[in-house]
Amino acid sequence: MAVNKLALIRYKTIDDCLKNRFRKWTLDDIIEKVAETLYELEGITSGVSKRTIQADIQLMRSDKLGYNAPIVVQDKRFYAYEDASYSITKAPINNADVDKMKEIVGVLKEFNAFNYFDEMSDMIARLENNLYKSTKQSGNNIQLEGNKLVKGLECIPPLYQAVLNKRSLLIEYKSFKAQQGQQGIYYPYLLKEYRNRWFLICKAKKRPGILNLALDRIIDFQELPNEEFLNHQGVDFDRYYDDLIGVTKNDRDRAQKVILAFTNDHAPYVVTKPLHSSQVVLNKNEQTTTFRIDVVLNYELEREILGFGECVKVLSPRYLISKIKKRLAQSYQQYENNVANKS
């Protein structure tokens with residue numbers, strides 16, 4: 001069954017509404033939300049009829065598109081998913097969709113011949129591999145880094161739209177240290193990935209400075225159309241993270257000169273896979289090769305250094321030397337405690 005672009009927008013918007021547990025959705029509410037989305041994305045001002053949305057809901061409930069959406073009416077008025085974890089985005093795609101996507105990937109591969117599409121190479125390879133795997137034409141021909149247990153990836157499309165359209169968000173977030181989630185109003189500026197984990201770079205209405213919220217700690221969120229969006233002045237997000245390893249940084253942080261001495265048996269690895277774009281080789285002797293990187297001192301930098309174990313020594317700055325020594329001492333003490341407990 002062929003599905004046109006406007007129908008897909010309607011289905012996706014209805015899905016977004018029914019996934020949103022922050023509010024109850026009447027049919028009129030859904031119609032209004034779909035009309036707003038069609039206007040924003042396609043410039044359609046004629047709205048959408050009640051009959052169209054009712055037909056869409058019936059189609060989503062059916063097997064015609066493979067959705068079988070568990071849409072129920074509560075209190076004879078409010079529409080919702082009976083299964084709170086359901087989403088049509090989790091439904092399998094049909095063969096016609098796969099064929100169309102293969103055509104799109106083919107076009108992207110042609111565009112990738114141009115220099116300004118170089119950054120898309122890994123994404124195109126990932127798409128093509130997954131499409132061929134989905135039709136069982138072959139197994140994996142390329143294995144890219146990933147983690148199937150990572151949560152929050154389903155949030156990326158709606159959060160991207162919020163960033164793109166500068167929409168304020170009500171987010172329920174539970175940090176690692178919190179006993180329960182807390183709601184707050186946030187202004188989203190950027191989505192950033194670091195080591196297969198995604199973060200929303202934003203500002204909280206009631207807190208100063210820029211924050212990063214891990215998507216896997218977001219419990220739920222919704223757009224707030226009546227909340228004025230607050231732009232963050234004085235920050236160029238295209239360059240904001242240039243002096244950083246990871247995502248942890250505040251407005252006051254500045255890059256520092258970090259000097260690292262690697263053993264020569266490990267130095268070639270660091271040369272071929274630089275720790276940071278600022279990396280330069282300062283000198284080399286019989287035992288070690290010394291590198292310099294100009295980065296903000298943060299937790300991710302410490303983890304990167306500690307990951308090299310005995311192959312690296314921090315030479316500067318003193319604050320970082322102290323931090324690494326302290327963490328290594330704590331790690332050593334854990335092993336000492338284990339030996340003492342066994343004896």
Side-chain angles (χ1 to χ4, degrees), residues 143-152 173-179 192-201 209-217 240-343:
Q143 290 191 351
L144 296 155
E145 186 176 2
N147 186 344
K148 293 181 180 179
L149 298 180
V150 171
K151 299 178 181 179
Y173 189 78
K174 182 177 181 295
S175 69
F176 283 114
K177 297 179 181 179
Q179 295 296 318
K192 183 171 176 60
E193 183 188 19
Y194 177 66
R195 290 191 170 181
N196 291 310
R197 196 169 180 224
W198 284 85
F199 300 84
L200 179 67
I201 311 305
I210 294 174
L211 304 173
N212 62 76
L213 302 183
L215 265 58
D216 55 2
R217 307 302 297 176
Y240 185 70
Y241 291 99
D242 286 353
D243 58 359
L244 194 68
I245 292 175
V247 296
T248 306
K249 179 182 179 182
N250 63 49
D251 294 346
R252 299 181 301 276
D253 284 332
R254 296 293 180 267
Q256 297 193 39
K257 181 172 66 173
V258 176
I259 309 298
L260 305 169
F262 282 86
T263 56
N264 282 339
D265 60 342
H266 207 79
Y269 175 86
V270 182
V271 171
T272 55
K273 190 177 183 297
L275 301 176
H276 188 259
S277 58
S278 64
Q279 178 175 301
V280 293
V281 176
L282 295 182
N283 57 66
K284 181 178 181 179
N285 58 37
E286 293 182 358
Q287 286 80 37
T288 62
T289 302
T290 304
F291 297 85
R292 167 181 166 175
I293 56 175
D294 298 325
V295 293
V296 168
L297 305 185
N298 63 5
Y299 178 73
E300 292 96 320
L301 171 64
E302 294 174 24
R303 286 192 61 185
E304 188 77 21
I305 293 170
L306 290 168
F308 288 103
E310 75 285 358
C311 298
V312 64
K313 179 181 180 181
V314 180
L315 303 182
S316 178
R318 290 183 179 179
Y319 172 79
L320 184 59
I321 295 173
S322 175
K323 289 280 288 185
I324 297 298
K325 286 177 64 176
K326 182 178 179 180
R327 293 184 63 175
L328 287 172
Q330 290 172 338
S331 180
Y332 175 78
Q333 191 60 47
Q334 289 194 62
Y335 289 98
E336 288 294 292
N337 291 340
N338 288 340
V339 172
N341 291 335
K342 288 181 179 180
S343 61

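Worth knowing before you read on, the calculation uses all heavy atoms, side chains too, and leaves out hydrogens, waters and symmetry mates. Everything numeric here is computed off the predicted structure, so don't read it as measured data.
- At a threshold of 4.5 Å between non-hydrogen side-chain atoms, the residues L260 and F308 do not count as touching.
- L315 CG to T290 OG1: the interatomic distance, rounded to the nearest 0.5 Å, is 5.5 Å.
- Considering all non-hydrogen atoms of both residues, L282 and I259 come closest at CD1-CD1, 3.6 Å.
- By the neighbour-count criterion of 12 heavy atoms within 6.0 Å, atom CZ of R327 is densely surrounded, having more than that number from other residues, nucleotides or ligands.
- Within 6.0 Å of NZ on K325 lie no more than 12 heavy atoms contributed by other residues, nucleotides or ligands.
- E302 has no carboxylate O lying under 4.0 Å from a charged side-chain N of K326, or vice versa, which leaves the two without a salt bridge.
- N250 contributes atom CG, which lies 10.0 Å from atom CG of L211 (distance to the nearest 0.5 angstrom).
- A donor-acceptor contact shorter than 3.5 Å links the side chain of N264 to the backbone of E286.
- Remark: the backbone N or O of A214 is paired with a side-chain donor or acceptor of Y173 at under 3.5 angstrom.
- If you take OG1 on T248 and CD1 on I245, they are separated by 11.5 Å, rounding to the nearest 0.5 Å.
- Sparse packing is recorded around NZ of K313, with 12 or fewer heavy atoms of other residues, nucleotides or ligands lying under 6.0 Å away.
- Of all heavy-atom pairs spanning D294 and H276, the tightest one is O-CE1, 3.7 Å.
- Listed for the R217 side chain is a donor-acceptor partner under 3.5 Å among the backbone atoms of S175.
- A 4.5 Å side-chain heavy-atom check between K249 and D243 finds at least one atom pair inside the cut-off.
- How far OH of Y319 is from CD1 of I324: 10.0 Å, rounded to the nearest 0.5 Å.
- A heavy-atom distance below 4.5 Å is found between the side chains of I305 and L320.
- When the options D242, V258, I293 are evaluated for a side chain to side chain contact (heavy atoms under 4.5 Å, CB included) with S278, the one that passes is I293.
- If you take CD on E304 and CG on N298, they are separated by 10.5 Å, rounding to the nearest 0.5 Å.
- Within the 4.5 Å cutoff, the side chain of Y194 has no heavy atoms near those of the N212 side chain.
- The local environment of CD in Q179 is sparse, with at most 12 non-hydrogen atoms from other residues, nucleotides or ligands closer than 6.0 Å.
- Looking at Q256, its side chain never comes within 3.5 Å of a backbone N or O of L297 through a donor-acceptor pair.
- Shown here for L244 and G246, the closest heavy-atom pair between the two residues is CD2-O, 3.4 Å.
- When side chains are defined from C-beta on, L301 does not count as touching V296, because their heavy atoms never get closer than 4.5 Å.
- Here the OH-CG distance, from Y299 to L306, works out to 8.5 Å after rounding to the nearest 0.5 Å.
- Between H266 and Y269, the ring planes are tilted. Angles from 30° to 60° get that label.
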